[in-house]
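Values below: every heavy atom of this structure, side chains too, minus hydrogens, waters and symmetry copies. All of these numbers come straight from a predicted model, not from anything done at the bench.
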Amino acid sequence: MKRLFVFLLVLCMSSLLMAASNTISTTINGNSNDADIDQVGGDQSATLTQTGNSNDAILDQVTDDGMAQSLTVTQEGNRNLANVNQKEDGAATNGTSLPVQTASVYQKGDGNSAKIDQDELGSGDKYLSSAAIQQIGNNNASDQRTYAPGSNSGQHVTGIQAGNGNSLTQKILGGYTNNFIATQTGNGNTVEQIMPSGTHSKGVVNQDGDSNIASQRLTGANNGYSSAGGITVTQTGNGNEADQDVISTGSYTNNNDADVVQNGSSNYSKQDVNGWQTDVDVTIDGNSNSTSQFVVGTGNKSTVKVIGNGNSVITNQANDNNTASVEIKDEDAYVGNSNDVFIKQNNNGNKANVTLHGSYNSVDITEVDGNGDWHVVKVMKGNSNDIDISAKTGGNNRGEWILKNASGNTVKEVQNGSDNIAGGEVKGSGNDINIVQKGVDNLVGTDPNNWNVNDGVVIDGNSNTVDIDQLTNSNQAVVNIIGASNQFKSVQQ
């Protein structure tokens, strides 16, 4: 085994030149070599190139004067190790527009490991620190960590892996306008992004392949705000998993968002969001996928778009003024069949909007303990869909359903409370409509406040069944039927 001692050389060069600048460049060919580089003080720059197998590279840079630190490691071979550490503990003296710390590692081969650890501990606004790792091969591991407290901003952490069985962990422990970027190509890869505290930040994961896993854990204020972009996972392939956990801190103006895009089959996504005014989006193109959203906060918006068959969508929202929108899409004459949609909303002023293009879909909307909730379900085309809407308690809730060119569908709507309104339109045959209102001053028909529903229950077709039950007092129902062999039943008590 060969071992290089370069720490003493760097100190001597710095002392002789009497300049705040340390520079070293080293190339090593062979196997089982160790390279240790230590730099202390002033502007620091180190470049190391290793070719061979089972080589180790350990590079440490330490300064307390705010000067720049730069490290580059290139390794080609198998089972190599790169361990990079940068520590800055002084006020920024090199200008706020220049980077304080930059570190990059490139590895080509199998079974390699790369780690970058950066600390900015001093006072002053230090900017644009970056940690970048690129690995080409299989069964490689990357670990990136940047600590940037206080007013430090513009931290960039980038990881790129091409191959199978790779793992990537990225951490930014503070600061603002932080950027995570992870790109993986291959199968069986995993990526994890962690930020326990940060503002105006961005996290992006792109995975292309099968059986990949992406996890994002971001906490802070105004993440995804303005030019920062968003918190996004994009997966192309089959059997992938995406897990997002976003917690908003600070004031009501927080604008964190979370977005998952999956192309393929048998994928799974889960989004847990706790905060305010958060956009929660999922787009699925494929079959037998499953997505779930759990949102706690005020003013959140949840949107799910699905192209495919046999998918499952669950959206659970708590607190006030949330919006849930689910669309089983019609694109290029393609419809989605046998999908399950479940939406649950708690408290007041929530909105649920579901649009279906397809058959044998199931929709379940449950509104709990709320007033002023709105729900709209539209079947634009398709047969044998099952729609179940329940407003368990509360008042002033609004319900609308529209079935166009649809046959054999079932709609059941139950509203408990007072001053609720329900109505809808059916164009098709063999549909079954069942409305139950429990309470006082409920209405199946035109809203005196010009709510934009149809005039009660409007049937245009044959062999449809309408059943309206209104219990207690001061209820009204309006039903218009055009066609043959339709059945209508109304009970008012």
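- Atom CG of N442 sits about 11.0 Å away from atom CD1 of I435, to the nearest 0.5 Å.
- When all heavy atoms are compared, the tightest approach of N350 to N347 is ND2-O, 3.3 Å.
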Check your understanding: For Q244 and V233, what are the C-alpha separation, side-chain angles and deciding distance, and is it a side chain to side chain contact (heavy atoms under 4.5 Å, CB included)?
Key -> CA-CA 8 Å; Q244 294 180 316; V233 174; 3.9 Å; yes
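- With respect to D243 and K270, a salt bridge is recorded, a charged nitrogen being found less than 4.0 Å from a carboxylate O.
- A donor-acceptor pair under 3.5 Å is absent between the side-chain atoms of D460 and the main chain of G428, judged by distance alone.
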Practice item. Please test V105 against V84 for side chain to side chain contact (heavy atoms under 4.5 Å, CB included), starting from the C-alpha separation and ending with a verdict. Key: CA-CA 9 Å; V105 175; V84 172; 4.1 Å; yes
Review point. Could you go step by step and tell me if S269 and T291 meet the side-chain hydrogen bond (donor to acceptor under 3.5 Å, both in side chains) rule?
Key: CA-CA 5 Å; S269 67; T291 182; 2.7 Å; yes
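- Considering CG of N287 and OG of S266, their distance stands at 8.5 Å, rounded to 0.5 Å.
- Applying the salt bridge (charged side-chain N to carboxylate O under 4.0 Å, His left out) criterion to K427, with sequence neighbours excluded, gives E425.
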Review point. Should E192 and T190 be marked as a side chain to side chain contact (heavy atoms under 4.5 Å, CB included) after you check the CA-CA gap, both sets of side-chain angles, and the distance that decides it?
Key: CA-CA 7 Å; E192 183 177 22; T190 63; over 6 Å; no
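- No more than 12 heavy atoms of other residues, nucleotides or ligands lie within 6.0 Å of OH in Y147, so this atom counts as exposed by the packing criterion.
- The side chain to side chain contact (heavy atoms under 4.5 Å, CB included) with N409 is formed by just one residue from the set V426, N361, L403; it is L403.
- Considering only heavy atoms from C-beta on, N434 comes within 4.5 Å of V436 through its side chain.
- The nearest pair of heavy atoms linking Q271 to D259 is NE2-N, 3.8 Å.
- Under the 4.5 Å side-chain criterion, counting only non-hydrogen atoms from C-beta, I433 is not in contact with D467.
- With a 6.0 Å radius and a threshold of 12 heavy atoms from other residues, nucleotides or ligands, F342 has its CZ atom above the threshold.
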Practice item. Please assess H375 against E367 for the test side-chain hydrogen bond (donor to acceptor under 3.5 Å, both in side chains), listing each intermediate value before the final yes or no. Key: CA-CA 9 Å; H375 53 263; E367 297 164 347; 3.2 Å; yes
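- Taking both residues in full, the closest heavy atoms of Q184 and L168 are given as NE2-CB, 3.9 Å, listed atom of the first, atom of the second, then distance.
- Atom CD of residue Q207 and atom CD of residue E241 lie 10.5 Å apart, to the nearest 0.5 angstrom.
- Residue I343 is tested with T366, V354, I389, V377 for a side chain to side chain contact (heavy atoms under 4.5 Å, CB included); the sole match is V354.
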Check your understanding: Where do N397 and N420 land on the side-chain hydrogen bond (donor to acceptor under 3.5 Å, both in side chains) test, with the steps shown first?
Key -> CA-CA 5 Å; N397 297 305; N420 296 303; 3.2 Å; yes
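- Side-chain N or O atoms of N140 include one that pairs as donor or acceptor with a backbone N or O of N112 at under 3.5 Å.
- Between the side chain of N267 and the backbone N or O of Q262, no donor-acceptor pair lies under 3.5 Å.
- Considering all non-hydrogen atoms of both residues, Q75 and A57 come closest at NE2-CB, 3.7 Å.
- The line from NZ of K202 to CD1 of I181 is 5.0 Å long, rounded to the nearest 0.5 Å.
- Atom OG in S201 sits 6.5 Å away from atom CD1 in I172 (nearest 0.5 Å).
- Nearest approach of A406 to V379, heavy atoms of both residues: CB-CG1, 4.0 Å.
- If you check the side chains of T315 and Q293, you find a donor sitting under 3.5 Å from an acceptor.
- Using a distance-only test at 3.5 Å, with no hydrogens or angles considered, a donor-acceptor pair links the side chain of N385 to the main chain of G358.
- For the pair I459 and V457, the minimum side-chain heavy-atom distance is below 4.5 Å.
- Between I133 and V157 there is no side-chain heavy-atom pair separated by less than 4.5 Å.
- Classification of K438 and D469 as a salt-bridged pair fails, no side-chain N sitting under 4.0 Å from a carboxylate O.
- Annotation: salt bridge (charged side-chain N to carboxylate O under 4.0 Å, His left out) contacts of R145 (sequence neighbours excluded): D117, D119.
- With N322 contributing its side chain and Q317 its backbone, the two residues share no donor-acceptor pair below 3.5 Å.
- A donor-acceptor contact shorter than 3.5 Å links the side chain of N80 to the backbone of S54.
- Here the side chains of E413 and Q415 are in contact, with some heavy-atom distance below 4.5 Å.
- At least one side-chain heavy atom of F180 sits under 4.5 Å from a side-chain heavy atom of M195.
- Remark: side-chain polar atoms of N339 are paired, donor with acceptor, to backbone N or O of G308 under 3.5 angstrom.
- In this structure, T74 has no side-chain hydrogen bond (donor to acceptor under 3.5 Å, both in side chains) partners at least two apart in sequence or on a different chain.
- When each of N179, T146, T102, N178 is paired with H156, the side chain to side chain donor-acceptor pair (under 3.5 Å) condition holds for N179 and for no other.
- With rounding to the nearest 0.5 angstrom, the NZ atom of K115 is 5.5 Å from the CG atom of D143.
- A side-chain N or O of S142 and one of Q135 form a donor-acceptor pair less than 3.5 Å apart.
- Remark: the backbone N or O of S113 is paired with a side-chain donor or acceptor of Q107 at under 3.5 angstrom.
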Exercise for review: Apply side-chain hydrogen bond (donor to acceptor under 3.5 Å, both in side chains) to R217 and T219, showing your working.
Suggested key: CA-CA 7 Å; R217 303 279 184 271; T219 300; over 6 Å; no
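- Taking the side chain as every heavy atom from C-beta outward, S211 and N187 never approach each other to under 4.5 Å.
- At distances below 3.5 Å, at least one donor-acceptor pair connects side-chain atoms of N311 with backbone N or O atoms of N289.
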Practice item. Determine, stepwise, if the pair N353 / T355 fulfils side chain to side chain contact (heavy atoms under 4.5 Å, CB included). Key: CA-CA 7 Å; N353 191 327; T355 302; 3.8 Å; yes
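- Side-chain contact between L356 and M380: absent, with no pair of heavy atoms (C-beta onward) separated by less than 4.5 Å.
- Within the 3.5 Å criterion, the main-chain N or O of N337 finds a donor-acceptor partner in the side chain of N309.
- Heavy-atom minimum distance, N486 versus N462: OD1-C, 3.4 Å.
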